[in-house]
Amino acid sequence: MENCLFCKIIKGEIPSAKVLENDQVYAFRDINPQAPTHVLVVPKKHVSSVAEIDQLSDAEIAACLKAVKQIAAEESLSDGFRVVSNCGPDACQSVPHLHFHILGGRKMGDRMA
Ligand code: DGP
């Protein structure tokens, strides 16, 4: 997608603090961290959100979640972490390229919304 911010980050046209990359997934630190660890995991193929996840292959979907697991281990989030994927305006999704927030490094609030 020509004008997609995260597509530009994946292509290296916009700098990012890379955490993990493989054939299917790119992960980088959020520019506005909301926890000591705040990493975004994105599929390299552009889809807007979970609402379009059927446009990804099963392997691409699995790669995202396996990346979440790998990053949580590498970031030593052994006490737990939260995975969030905002989807659409009611969820305040601000970048329309599917992404999974990994939030950890502190105790989260017990309310999710
Ligand atoms: P969401 O609101 O769920 O769509 O989350 C989008 C996240 O993307 C938000 O936490 C801030 C982050 N973000 C926006 N622009 C940039 C950027 O240019 N670089 C990085 N690293 N993160 C960004």
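Note that ligands are numbered from 1 as they come in the structure, with each ligand's atoms numbered from 1 the same way.
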### Task
Provide the number and element of each atom of ligand 1 under 4.0 Å from a heavy atom of Cys92.
2 (O)
### Query
Does Ile71 belong to the same Ile/Leu/Val/Met/Phe/Trp/Tyr cluster as Val25, with side-chain heavy atoms less than 4.5 Å apart forming each link?
yes
### Query
Would a distance-only check, ignoring hydrogens and angles, find a side-chain to backbone donor-acceptor pair under 3.5 Å from Lys44 to Asn22?
yes
### Task
Using modelled atom types only, decide if a donor and an acceptor are shared between the side chain of His99 and the backbone of Ala27 within a distance under 3.5 Å.
no
### Task
Give the contacting part of Ser16 toward ligand 1: side chain, backbone, both or neither, where contact means a heavy-atom distance below 4.0 Å.
neither
### Task
Report the part of Ile31 in contact with ligand 1, treating N, CA, C, O as backbone and CB onward as side chain, heavy atoms under 4.0 Å; options are side chain, backbone, both, neither.
both
### Task
Starting from atom 5 (O) of ligand 1, locate the nearest protein heavy atom and write down its residue, its atom name and how far away it is, to 0.1 Å.
His99 NE2, 3.1 Å
### Query
Should His101 be listed as contacting ligand 1, given a heavy-atom distance under 4.0 Å as the test?
yes
### Task
Starting from atom 2 (O) of ligand 1, locate the nearest protein heavy atom and write down its residue, its atom name and how far away it is, to 0.1 Å.
Ser94 OG, 2.9 Å
### Query
Below 3.5 angstrom, do we get any N/O pair linking Arg29 and ligand 1?
yes
### Query
What atoms in ligand 1 come closer than 4.0 Å to a heavy atom of Gln93?
4 (O)
### Task
Answer yes or no: does an N/O atom from Val95 fall short of 3.5 Å to an N/O atom of ligand 1?
yes
### Note, Arg82 side chain near Val84 side chain (heavy atom, < 4.5 Å)
yes
### Message
What I want to know is whether Leu5 and ligand 1 share at least one N or O pair that is separated by under 3.5 angstrom.
### Response
no
#### Entry: Element-labelled atoms of ligand 1 that are located less than 4.0 Å from some non-hydrogen atom of Phe6
8 (O)
### Flag side-chain contact, heavy atom, 4.5 Å: Asp30 against Val39
no
### Query
Is the side chain of Glu75 donor-acceptor paired with the backbone N or O of Leu77 at a distance under 3.5 Å, no angle test?
no
### Query
Parallel under 30°, tilted from 30 to 60°, perpendicular over 60°: which one fits the rings of His38 and His101?
tilted
### Message
Could you work out, for atom 11 (C) of ligand 1, the closest of Val84, Asp30, Asn86 by heavy-atom distance?
### Response
Asp30
### Query
Would you say Glu13's side chain and Lys8's backbone share a donor-acceptor pair under 3.5 angstrom?
no
### Query
Would you call Lys45 and Glu52 a salt bridge, taking side-chain N to carboxylate O under 4.0 Å as the test?
no
## Note on the structure
So the atoms of ligand 1 within less than 4.0 Å of a heavy atom of Leu40 turn out to be 8 (O), 12 (C)
